[in-house]
Each structure stands twice: as C-alpha cells, then as structure tokens.
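Protein chains get the first letters and strands the later ones, always in sequence-line order, with residue 1 at the start of each. Keep in mind it's a predicted model, so treat the numbers as computed, not measured.
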Amino acid sequence: MYGLTFLIWLLALPGAGGWEEQARAQMVAEVEREFRATAKESGKAALSPNVRQALLDVPRHLFVPPALRTAAYENRPLPIGYGQTISQPYIVALMTELLEPKPEHTVLEVGTGSGYQAAVLARLVRQVYTIEIIEPLAEQARLRLKQQGYANVEVRVGDGYYGLKEHAPFDGIVVTAAASHIPPPLVEQLKPGGKMVIPVGGQFLVQSLMLVEKSPQGEVFTRQLLPVSFVPLTGGH
Amino acid sequence: MMPPWSFLCAVALTSACALASEILLMRLLSIIQWHHFAYVIISLALLGYGASGTLITLIKDFARRQFARLFPATCLAFGASLTGGFWLTQTIAFNPLELLWDPNQWLRLMAVYCILLWPFLFAASATCLALIRFGAYASRIYAFDLVGAASGALGVVVLLKLFFPWTVLSLIAAATWLAAALAWFGLGLSPRIGALVILAAAGLWAVEANDLPLQLSPYKPLSQALAVMGSKIVRQRSGPLGLLTVVENSKVPFRHAPGLSLMNPKEIPPQLAVFTDGEGPSVITRFDGRPEPLAFLDQMPSALPYHLLVRPRVLVLGAGGGMEVLQALYHQAESVDAVELDPNQVALVKEDFADFSGRLYQLPQVRLYLSEARGFVTASSKRYDLIQMALLDAFNTASSGLHALSETYLYTVEGLATYLSHLTPKGILAITRWTRTPPREELKLFATAVAALSQLGIQDPGRHLIWIRSWNTITLIAKLSPVTTQEIDTVRKFCRERGFDPAYFQGMRPEEGNLFHRLPEDYYHQAALAILENDSTFFSAYKFDVRPASDDRPYFFHTFKWSSLKELWGLRVHGGIALLDSAYLLLLESLGQLVLLSALLIAAPLFSLGLPRGELPTGKVLGYFFALGLGFIFVEIALIQKFILYLSHPLYAVAVVLAGVLFWAGLGSASLELLRKQLRRFSPWWPVFGILGLALWDLRFLPWLIETTANAPDWLKIVLTQVLLAPLAWCMGMPFPLGMAKLARHWPQGISWAFAANGCASVTGAVLASVLSIHLGLTAVIGLGLLAYLAAGLLLGRSWRLGG
C-alpha cells in the first residue's frame, strides 16, 4: 500500500501527467482482488463491467481534501471533514454491486458525504437523489458534482429519515448515516424487488454490510454480509 | 537534618496532585478521545515516574547541590506542564481510528504521551529529590507521599463532583504551585516574598484559567451530532461518573429505537440525546402521559417479555433516560422500580427536563433508586416478575470492541444467578444487547446464562431460555420456571408480526430461524445448541472467546483469542479491521513499549554515565525495588477490582480502596521509625510475612464478607473494607522505605536509580496486571503480587541484610 502511495506521489510531481488514470487502474485491480477473496461472503465474485468502468471513470482524488489527494486511490477510508469519511473503494464497489444498478433505475442515497458514491452511481443509473444532513458537506458535494458535469444527481440538504416521497419508489437506496434502526419510511419507499444497502459500524470501521431486500411480493428481509473472507467456526460445527 | 513540616506538606500536596492528575487526565482524555486510548496514553505517560529517577541519577551531583531551588522548581514545572501539556495535546490532530491505516497517527500518539509524560516526571522528581536529600528519613517522606496520594484519590472525586473537569485541571495546577510555595518557605529560600508571589500566582491561576475549552475528536458521536443542521447543546452536567451533554435538534430529530422492527408503522416522539463523555447517545423521550405516542416501544425485541407476562412488577437496571421505564408503562406494568447509578443522569430526567419527560421518575407507579445495578439486586429482598437490563452502551462503541478491557460484574455467572434468584416463580430476566457480526459477546451472554441457571440447580437450562433477534439487537430471556408451549407460541407470533428471528427456544426447528435477518448461517441457533450440549469443542473451535464471564474474570466484552490473531491480523486491511479487538491489542502494544522503555530507563544510568558501584549488589537492589513495585501494584489493582463487587459502586470502590491502601501504607511507613526503635531486632522479613499472611486471609475472608454483609449500609461496608485493608496495607508501606533507608546509609547515589526501578515496575505492572487479570483472573494477580513480595523478601534476606 505504501509502495502505491509513493508511486502516486512520484507521478503527482509537476510535469508527470496522467497519474490518476494509472492510480485508478491499480485501485480497481486491488478492488477486484478483494472481490475474488470475498466471493463466498458477498456472493459477488467479480466486478460487473459497468461498475468497473464507473470506478475507472470517476476521479476519486477530486472527492477528497486536497491534502489527501495522493492517498485517494489507496484502498482505505479517508477523512473528509466534519467527522465524516469517504468509504474505502472496495466498500463503495461492493455496495454498488449489491444494489445491482441498471440504466433505468432511480436511486436514493441518504448521507451524501463527499459525493463519490453518488458520482459512481450516477454513471450507472438514470437518476440519483442524495440527501445530506451536514449543510457544508452538502454544499461542497453539490458544487463538486456540478463542476464535474453530473446532471443526473440532485443533492438535497435535510433529514433523510423520510426519504423523498415525491420521487419514490426507488430501485435502490444507500444509507450511509449510522442509526439505531433502519428507517421504516425508507423501507416503504423501496420498490418491490428493490435493494437497500447500509454499511454497519463506525467511521473508518465497517463491520458488515446490511442488505435490505424487498421481494416482488413486498416481503422485506435483510442479509448481513461480512466484507471479509472469514468464518467464525472451524471444524465440524 | 530533619525535613521541615511545611516541606513534608509540600511533598504530600505534590503527591496528591500527581494522583489527582492521573485520574483527571484519564477523564479528560476519555472525553476528547476514547476511554481505552486514554488508558493507554496515561499508562505510558506515567513512565514519567521511572524517568524521573533516571534523570535525577544522571544529574545527581547537580541535584544534590541545587536541591533547595530544584524542588520548588519541579513543583512549578509540574503545574505548568499539566495545563500546558493538556492544551498542547488538544492541538495534535490524533485520530486513533486511523491507527491501522495511517502511520502518521502513531507518531501523533507518541507525541501525545511524550507531552503528558512531563507532569508525572516533574511530580515524581519532587518525591525523588526529597528522598535523596532526606534519605535517612525515607520512611517519613514516603509516609507523606502515600498519605498525600490517598488524599489526592479522594479529593479528585470530590472536586469532580463539584466542578467541570477543565476547572479541576486548573485547581490541581494551582495546588502544585501552592506546594512550591510551601517548599520555598520550608526550605528557607530567599527572598521570602518569593513564596507569596508563587501563592498569588496560584490563586490567580485557579480563578482565571478555569475555562479551557475541550476539543472533542470529530469522530465522537457528540461531535457528529453537533455537526448536523439544527442541533444545539441544551444542558451539560458533570460528575465523577461522566460529562453529560444533552443535545436537541429541531430540524433532524433524534430517533433512537434500538432494533426497531422494519415493519414499525408508528412515529417516534421527540427525543433529547444524552451523550456521556461524548459517547452514546441514550435518549430522553417526550412523554405527555398518553400511551399512544409510545407505541414504537412495542416494536422492539426488548418488548417480548411484556407479551409473556400480565401487568408485571418490573425492575429496570440502568434506567438512564427512561426508555425501558416508558416501555414498561406502555405495557401497563403494575409497578416499575428503576435503578440508575449516575445522579446527574437522574437529575436530567427529574429536574432539568421534568416537563419534557412527563415527570417520569415522579409517577406514582415508578420508584427510582440511585444505586449500582448488581449491588441493588444483591441487597434487595424484593422479587420481581420482570428484571429488564437496559441497553446502555452505544452501538458503535459496542461494535468496535472498545469495551474489551472494561470489567463488568453485571454480566457474570454470579451476577445473572443473583438476578434470577430475585424473580417470582414465573418471572423473567430479560437482557438486550447489540449484535455483532460475527457474534461475540452475545454468545458469551448465552453461555453465561446457561452457567447461571446450572449454578442455581436447574438441570435442563435449555427449557428455561428464549432468544430472539432483530438486525442489530438480540434479547435473551431466562426464567426459573420452564418455558411453556403457550409461551413459545407467543414468541413465534411476536417474531412473525414484527419481522424478528427466533434464535433459540426449546424445540425450535432450524428452519424457523434466520428468516427475516439472514446470516450466512444461523450462528446464534447453532451456538445455542452447542453451548447447551456442553460441547467443549465449540468453545475451542469458535474463533472468539465466548466462555462465560465470572466474578474472578469479569471481562464480558473481552473475546479475543490468540489462536485467531494471525488470521485476523492478515484480514485487517481487507475489510476485517472490525474483527480485531483493538483495545486489547493496544494494551499489549503499550505493555511492550513499557517493558522496552523501562529497560532503557533502568539501564541508562548503569551503562551511559556510570553509576558508581556501592556497597550493595546492584542486581539485588534492582530486583528488590522492582519486585516491590510489581507486588504493590498487583495487589492494589486486584484488590480494587475485588472490592468493586463488594462496595457495588465502581467509583467509590476505587476511591475507598485506593485511598485506603495508600493511607494505611503511609501509616505503615510512618510507623517504621517507631518500630525500629522499639524492636531492636526488627526483621525486614516481618512486613513481608505480614503481607503474605494478611493477603491470603483477606482473600479467604472476602467472599464470606460479601455474602454475609451484602445488605449492610454503605458506611458499614466502607468501615469493614478499611478493617480488612488496613493491616495488609500497613505492612505494604514498609519494605520500600526500609530499602531506601539502607541505600541512604550504604549507597546514597543509588537512591534515585532504585526509585526509577520501582517507578518503572509500578507503571509496567499496572498494565501487566490488566492483561493477567483478563487471562488468569484477579485472584491469580494477587497471587503473583505476593510472589513478587516473597521474591523481594528473599533478595533482602540472602545477601542484602538490612537489620542493625
């Protein structure tokens, strides 16, 4: 990992152009390795081509504070201010894959943060609505996404608990804001057959990914996925 | 020359301030960072005690020549480095959560404890200088040092009750300057007015500099709540048990409902969030007397007991903001006894937000008890239909394993057996915990409940347990009477209607679980069956330690297993960081650093600047003082832990036992001069034999005392504690000054070096005691402490005879 940082640092020297593309390619290769290693736990053995392309296209270094740009493509979470983080690329990729995004989909994100997850999703679906409760973060993300030409992302400031009734139902929902419970109004705004993904744990510390699924018949159940290749029991238990 | 009284008072005051600073800095760092990091930082900073001895050994000639000026100067430097150091610490952007990602954080952590090392270095230097100057009166100096430390332990608790912690910091700093003024006066320094100037500066400091703003980590839940639009702090209360901050948000309401059903159609009424030391939150829910707005409380796994009982008499342990009390009222409980430890928490509900909370604790069917939960149940003669243990810790804290080092007597085999024995024949004990992926302490709780039921003579514990879960909480129900078929039907219906999964009940079919909240495998059900079958291979095969917690090893949250370390460490950068018990690993890491640094500090004077050889064998002197340091701290720490259970209040136990041990040890040291005068053939073996005999007597006597006087009033328990502690601590106060007096006569240059060895042993021993008590239990730690005393006695007896 530190080797990669050094390489990025070297490439980031004035006059050395195109470092981001190389760093992104390395990041995606690392993410793909993680996918292969955790195929049993996540049910996703590889990145789908469109998600892979989205990760290659979105300039992650523009979503982190300038001082951390050289670390933007490392497979780790980074602080973005206000006590919030940008998730590690592998977690972003896994959450995106779990949503199974399609070009005609409308997705809601609760907890915009840096806007990186919204940017990745925007390249895969028709429309992304994203809500942030920390005003300055929302403003920064809005500006960033606008500057990068994301016309299909709408950033709102406010309480995400009730989702966006006027744009519901959603094919997918991402909830990155920690809570003591899954907001039932969001479950309601999920389309039958839709999926909601919630990273569980603290900042810098994703314990598991919670996948809430609504069957075509409207039944709701959750699946808890470890983002790591680990079985707690050895032997014949 | 005999040390002047005002100088001895300065020694005592400095020592009081040093101990108070230790406790206070731990509190302050727990607020701005996290408790276990505070523990690690202070453990390392305390190495200042050892470093002081080394430093003074290296400048021994200068220290002797300039003693009179150096002593008040170190007192002044202590105060300045205490406040200045804490202020500097706050400017360092140390983020412990990034330690595994960002190597810079290690440098910042080192910077933090290097800064905080200085106040302890200066404080200990003062004692060390006093011992060098008045070595012949070592027992008197040590006595004032210990009695001072004892008053510091008590005093800081009182100060924390009266003032906010940042004010206490200024008061302690001012007191160190008062010590400097006393020493200035006592040592006859000129100009005499210097003492008055220092005194005036101390007074000014105490009055003016008492509002140091705290910079909380931006990743603490309180900081995150305050970053949200519409949030504001509406009240703060502070006490020795924690800093409570109440936050209101009119734009983005708090909606705290652990494990709430995904099918919940009910609104959550307005809530105020209560953060303890920036962690949490727990909540105070608005209550207007109507039950309807509380309907959401029926949509959580913790509501299950109310579907199995009719109008129960309820005991809520850990009532806090009152959510479980409201849940009981919503379900028409006949009466609710609510137990809460922190008076400030109660005052928020009863006084500050009485209207908001609907005067919950003043309702006729609710009785509030200000007490520690287990102690309350032990002392109570009442029986309840339902004992409900509230979910007090925050989800993020629970999920990150930050509790791993905290001992708790709430969730031990003996604890659960006590609750069960206070149930009516058909009564229910209900405990709700957060779930972790993969499960850890949830399984330990189940195993502990099985062991508790067995301890009460129940042959088939499986018939007495029910276990259900939501996506993030799990509720365990234990009964004295077997679970009936009718009750099982109710459980099935309750779970089906709310989308919860049963994890265990007698006769549960595997296909009945893991339906709504699916895990790769139904770990809970599989584990329950294995535990009930008493399958020993399950405990060894499971990659976390989920064996029952006991009163001797009360580390309910510690689930780390050495056999899993290699695998977990390898996974840390592959998304497996949450699987590591970071608190425990940090403890080991700091122990390693302490051992290394202690070795350096002890060796430095021997090899670098050539400590002149004295008449006494260097190795024996080192061994003696090192063994004493280890022995004292092992016995002291393990006794504090043991007495927490008896005195049933963690804070008062620490204050009473710590202050007691230090005070009686101080008297032991003070009585040495008299003893040696009266008994011409006083053997240094006597106190060692005394320690061994009395500690073993205490260990044998303590369980009986706990059992027979559990219902005694607090004052009597404190008196009995002191009666038990006094003779042992009295003996523990003797070996150190005996050795120092011997050094003063035969190897005065070795005093500061021996002081360094003793300081390093105490500081390293404190962390080592924590590690050992997790693995071997508290009794074993006392045993090892006694072995250290025995070793000291042997070293003393073989070739370093002190008599005569």
Side-chain angles (χ1 to χ4, degrees), chain A residues 1-2 34 37-38 40-41 71 74-79 81-85 88 90-91 94 133-137 157-161 178-184 187 200-208 210 212 220-237, chain B residues 95 97-98 100-103 217-220 223-224 227-229 251-253 255-265 395-397 399-400 436-439 470-472 499 515-521 523 526 530 535 537-538 541-544 567-568 571 573-579:
Chain A
M1 185 193 292
Y2 303 124
E34 296 282 354
T38 57
K40 198 177 154 212
E41 283 74 19
E74 289 176 14
N75 191 18
R76 56 175 270 204
L78 289 169
Y82 305 94
Q84 303 301 308
T85 51
Q88 71 182 105
Y90 163 60
I91 295 292
L94 186 53
I133 48 175
I134 300 172
E135 256 175 314
L137 271 184
V157 187
D159 183 5
Y161 189 83
S180 67
H181 63 275
I182 299 167
V187 179
V200 179
Q203 303 288 346
F204 298 98
L205 197 86
V206 173
Q207 187 197 145
S208 60
M210 172 67 60
V212 183
V220 180
F221 60 90
T222 72
R223 273 200 292 149
Q224 205 140 20
L225 307 168
L226 266 184
V228 60
S229 177
F230 182 79
V231 278
L233 261 172
T234 54
H237 287 273
Chain B
N95 177 20
L97 303 178
E98 278 189 281
L100 279 171
W101 305 106
D102 180 4
S217 159
Y219 302 102
K220 289 207 86 168
S223 305
Q224 303 214 321
V228 174
M229 53 194 276
K251 288 188 179 166
V252 185
R255 302 177 184 97
H256 187 71
L260 188 74
S261 164
L262 298 183
M263 303 166 185
N264 169 52
F395 175 61
N396 282 345
T397 315
S399 70
S400 57
R436 291 176 79 184
T437 312
S470 71
W471 72 276
N472 68 344
L515 287 175
F516 294 101
H517 303 291
R518 298 173 188 174
L519 296 167
E521 288 177 55
Y523 297 130
Q526 292 169 5
D535 180 355
T537 56
F538 166 77
Y542 202 71
K543 290 180 183 170
F544 300 97
E567 183 184 1
L568 298 180
L571 294 172
V573 290
H574 302 286
I577 192 170
L579 299 171

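- The part of A:Gln88 that comes within reach of chain B is its side chain, from C-beta onward, which places non-hydrogen atoms under 4.5 angstrom from that chain.
- Among B:Leu515, B:Leu519, B:Leu579, the residue with the largest count of heavy-atom pairs under 4.5 Å with chain A is B:Leu579.
- Scanning for side chain to side chain contact (heavy atoms under 4.5 Å, CB included) contacts around B:Pro520 gives B:Tyr523, with sequence neighbours left out.
- B:Leu568 touches chain A through its side chain: at least one heavy atom from C-beta onward sits under 4.5 Å away, while N, CA, C and O do not.
- Proximity to chain B involves both the backbone and the side chain of A:Pro79, based on heavy atoms less than 4.5 angstrom apart.
- One distance of note links CE of A:Met210 with OG1 of B:Thr437; it measures 7.0 Å at 0.5 Å rounding.
- The contact between A:Leu226 and chain B is made entirely by side chain atoms (from C-beta outward), counting heavy-atom distances below 4.5 Å.
- Of all non-hydrogen atoms in B:Trp471 and A:Thr222, the two that sit nearest each other are CB-OG1, 4.3 Å.
- Listed by chain and number, the residues in a salt bridge (Lys or Arg N to Asp or Glu O under 4.0 Å) with B:Arg518 amount to none (sequence neighbours excluded).
- Counting heavy-atom pairs closer than 4.5 Å to chain B, the top residue among A:Tyr90, A:Tyr82, A:Tyr161 is A:Tyr161.
- Heavy atoms closer than 4.5 Å to chain A are found nowhere in B:Ser223, neither backbone nor side chain.
- Using a 4.5 Å cut-off between heavy atoms, B:Ser261 contacts chain A through its backbone alone, with no side-chain atom that close.
- The candidate with the highest count of non-hydrogen atom pairs below 4.5 Å against chain A, out of B:Ser217, B:Pro258, B:Ser470, is B:Pro258.
- In terms of heavy atoms, A:His181 sits closest to B:Arg255 at CE1-O, 2.9 Å.
- Note: B:Ala257 leads B:Pro218, B:Ala227, B:Pro439, B:Ala257 in heavy-atom pairs under 4.5 Å with chain A.
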| query | Step by step, would you call A:Arg76 with B:Glu98 a side-chain contact (heavy atoms from CB on, under 4.5 Å)? | reply | CA-CA 10 Å; A:Arg76 56 175 270 204; B:Glu98 278 189 281; 3.4 Å; yes

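- Distance check, rounded to the nearest 0.5 Å: CG of B:Asn472 to CD1 of A:Ile182 gives 7.5 Å.
- In this structure, the portions of A:Gln224 lying under 4.5 Å from any heavy atom of chain B include both its backbone and its side chain.
- Side chain of B:Lys543 to main chain of A:Val231: a donor-acceptor pair is present (N/O by atom type, distance under 3.5 Å, no hydrogens or angles).
- Shortest non-hydrogen contact noted between A:Pro184 and B:Asn264 is CB-O, 3.4 Å.
- Residue B:Phe516 comes nearest to A:Val220 through the heavy atom pair CD2-O, 4.0 Å, listed as atom of the first residue, atom of the second, then distance.
- With rounding to the nearest 0.5 Å, the separation of CD in B:Gln224 from CD1 in A:Ile134 is 7.0 Å.
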